[in-house]
Amino acid sequence: MSLPKRDGVHDRYYLIHKPDTSLEVLAEADLCIQDVLNGTARENHSAYPTVVRNHNGTPFLPDQLLERYLTGLPLKGFPCEDAASLCDAMRRLVGWQEIRYTLEKYIEKQVQERYFEAGEKEDDFTPYPPCTVWPELRPEDVDEGLLRFACYVAVCHTVYGQSFESLTTEHILGLVSQLRPDMVKQLKTAGSGKLPKDIQQRKTEHFNASANDAFATIRITARDSTEECYAEILDYLCAVLEQEEFPRSYSVEFRGKEKLYLPIPGLPQKGVNQLFACAVQHPDLHPAMERYARLAMREFEWYQNLADEACAMPGTFAVFALGLEGPKWWRLVCDYLDRCDDEHSSLQEKFLHILFKQYGFTAQSLPVLVHGVQSMQNLKPAKEFRALIANEESLDALLEIKGLEYYLPEESGNDKRALAYLWRDVLWAIWGTASENGGSKVIKTAPKELKEKYQQVFA
């Protein structure tokens, strides 16, 4: 078989959405869809754009393959399980973001537009218009399989998408709930049904817990305050996060008898703060806390029940609790800081202030400061920092890291401008505005025996 010649910008893949697409190309596309289902299709390993190849090597864009498959399905007696199987296989092959938009638009066209009348959005910040069921819609015109597929797509947005995609989940489930509230109620009760039963619900003599992947929630109630109780809770949290189907952004709702919180002013006094403040009291549980933190912390993911300036990456409170326990855990702290979203995350500043007030500026702690500076925009100093750095040991430790090449990506480690900017930000994080103009104010007021070291710091 001889396929049509490709040309121009599309010479790396075939387009299949045009009316004049040849039958040969469409046959290869259908073969590629079948190969995706069979697990024999291949993608191009992070090249751009992502393409999927069938076993003949013929390349296609994944969103066009998915669109072709979906548009060929009947809207009456919609085969939800078959459609979900193809979507799952495609997601595993190329990633959720390659198919997200296509699925969202499919639900908009086949569910929202067919069953609902869309009103006007209240403002430009509202992502979706209010929708009401068409008055003339008859119950027999609503296909159950199509609604179940809508629920599947809604759950995928929460499970595999970024945190803001939960808005799409809420919108789609809001549509379904107007037609089949029982479906949404089932999701709220048991989630998608993909989690193992002992993960969906767990009850022991020490605690009760439930996990819902559809709504990205983990609810835990401690029945006592023993080390055994917190050990079982940590084991449960890790077991939940080890489930591929559980979202990476989620909320932890914890209720316990001990009303303790981490000794960090300004942290939200939520249950997840309370949980790790209690657990960290037991040294034997520290490895389990680290295990949870490393499973939990992912860049651009969030605890869903913490908003705005209190937003925090999953694992935050476990990392903060361990970090205040001493240098043993500062590698974990640095790994956490490296994953923080520097445009939106700022809780780490409150933690770093307490960390350095507690341990001072040493050869062990100063790398944490550098990672902290890189983790957010404009890390401000605590007023105590000037006094804490004003000793020979601390200044020597600061001078020891002045090169900073280790802290930049390999490709920019020798960029003198980038190194200068980073060093400027480190000095700002210690002295604030006094670090400007070559630190003249700091040097001028420095003790005589330390003046030379201050001059070297700001040189």
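Computed from a prediction, not measured in an experiment: that's the story for all the values here.
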Student check: side-chain heavy atoms of Q243 and P196 closer than 4.5 Å
yes
Mark yes or no for whether E349, through its side chain, and K380, through its backbone, hold a donor-acceptor pair below 3.5 Å.
yes
K197 atom NZ, over 12 foreign heavy atoms within 6.0 Å
no
Candidate pair E384 and H353, rule side-chain hydrogen bond (donor to acceptor under 3.5 Å, both in side chains), full reasoning:
CA-CA 9 Å; E384 295 88 348; H353 284 180; over 6 Å; no
State plainly whether the residues D88 and K194 are in salt-bridge range, i.e. N to O under 4.0 Å.
yes
Mind checking the NZ-OG spacing from K257 to S225? Nearest 0.5 Å is all I need.
7.0 Å
Please confirm whether F320 and Y336 have ring centers closer than 6.0 angstrom.
yes
Lys NZ or Arg CZ of R202 over F207 ring: under 6.0 Å, within 45°:
no
If you count every heavy atom of other residues, nucleotides or ligands that lies below 6.0 Å from E120 atom CD, does the total exceed 12?
no
Determine whether a donor-acceptor pair (N or O, by modelled atom type, separation under 3.5 Å) exists between the side chain of N56 and the backbone of T58.
no
Value rounded to 0.5 Å, distance of SG in C151 from CD1 in I172:
9.0 Å
For the pair Y14 and F60, name the ring-plane relationship: parallel under 30°, tilted 30 to 60°, perpendicular over 60°.
tilted
The single option from Q348, E299, M297 passing side-chain contact (heavy atoms from CB on, under 4.5 Å) against C340
Q348
Tell me, yes or no, whether the heavy-atom count around K121 atom NZ, taken from other residues, nucleotides or ligands under 6.0 Å, exceeds 12.
yes
What do the steps show when you test S166 against T158 for side-chain hydrogen bond (donor to acceptor under 3.5 Å, both in side chains), and what is the final call?
CA-CA 5 Å; S166 61; T158 290; 5.6 Å; no
Over 12 foreign heavy atoms within 6.0 Å of CZ, F164
yes
Stepwise side-chain hydrogen bond (donor to acceptor under 3.5 Å, both in side chains) test for E258 and Y230
CA-CA 11 Å; E258 287 184 284; Y230 297 122; 2.6 Å; yes
So, R12 side chain and Y48 main chain: donor-acceptor pair closer than 3.5 Å or not?
yes
More than 12 non-hydrogen atoms from neighbouring residues, nucleotides or ligands closer than 6.0 Å to NZ on K402, yes or no?
yes
Tell me whether Y303 contacts the main-chain N or O of G315 through its side chain, where contact means a donor paired with an acceptor under 3.5 Å.
yes
Full working for ring pair (Phe, Tyr, Trp, His ring centres under 6.0 Å) between F276 and Y292
CA-CA 11 Å; F276 290 105; Y292 165 75; 5.2 Å; yes
Quick test of your reading of the model: are E232 and R223 salt-bridged, counting only N-O distances below 4.0 Å?
no
Nearest-0.5 Å distance that lies between atom CZ in R339 and atom SG in C334
11.5 Å
Q64 side chain to I16 backbone, donor-acceptor under 3.5 Å:
yes
So, E245 versus Y160: side-chain donor-acceptor pair below 3.5 Å or not?
yes
Please answer whether the main-chain N or O of T217 pairs with a side-chain N or O of Q304 as donor and acceptor at a distance below 3.5 Å.
no
Do the ring planes of W96 and H157 sit parallel (below 30°), tilted (30 to 60°) or perpendicular (above 60°)?
perpendicular
Under a 3.5 Å distance rule, please check whether H286 uses its side chain to pair with a backbone N or O of V280 as donor and acceptor.
yes
Contacts under 3.5 angstrom, residues 449-459 side chains, donor-acceptor by atom type, not counting sequence neighbours:
residue, atom, partner, partner atom, Å
K451, NZ, I443, O, 2.8
K453, NZ, D396, OD1, 2.7

Which word best sums up how the rings of F361 and F356 line up, parallel for under 30°, tilted for 30 to 60°, or perpendicular for over 60°?
parallel
Which is it for Y359 and W330 under the ring pair (Phe, Tyr, Trp, His ring centres under 6.0 Å) test, yes or no, and what are the steps along the way?
CA-CA 12 Å; Y359 292 99; W330 291 350; 5.1 Å; yes
Is the number of heavy atoms from other residues, nucleotides or ligands under 6.0 Å of K357 NZ greater than 12?
yes
Pair S375, D342 - check side-chain hydrogen bond (donor to acceptor under 3.5 Å, both in side chains), show working.
CA-CA 5 Å; S375 77; D342 62 359; over 6 Å; no
Listing, residues 428-442 side-chain donor-acceptor contacts under 3.5 Å, not counting sequence neighbours, or none:
residue, atom, partner, partner atom, Å
W428, NE1, N378, OD1, 2.8
S435, OG, G432, O, 2.7

Is the number of heavy atoms from other residues, nucleotides or ligands within 6.0 Å of CD (Q281) greater than 12?
yes
Donor-acceptor pair, side chain of S251 and main chain of N305, under 3.5 angstrom:
no
Determine whether a donor-acceptor pair (N or O, by modelled atom type, separation under 3.5 Å) exists between the side chain of T362 and the backbone of Q364.
yes
Distance-only donor-acceptor check, side chains D35 and T40, under 3.5 Å:
yes
Close side-chain approach of L260 to Q274, heavy-atom, < 4.5 Å:
no
Please find out if less than 6.0 Å separates the ring center of H344 from that of F300.
no
Between D63 (side chain only) and Y101 (backbone N and O only), is there a donor and an acceptor less than 3.5 Å apart?
no
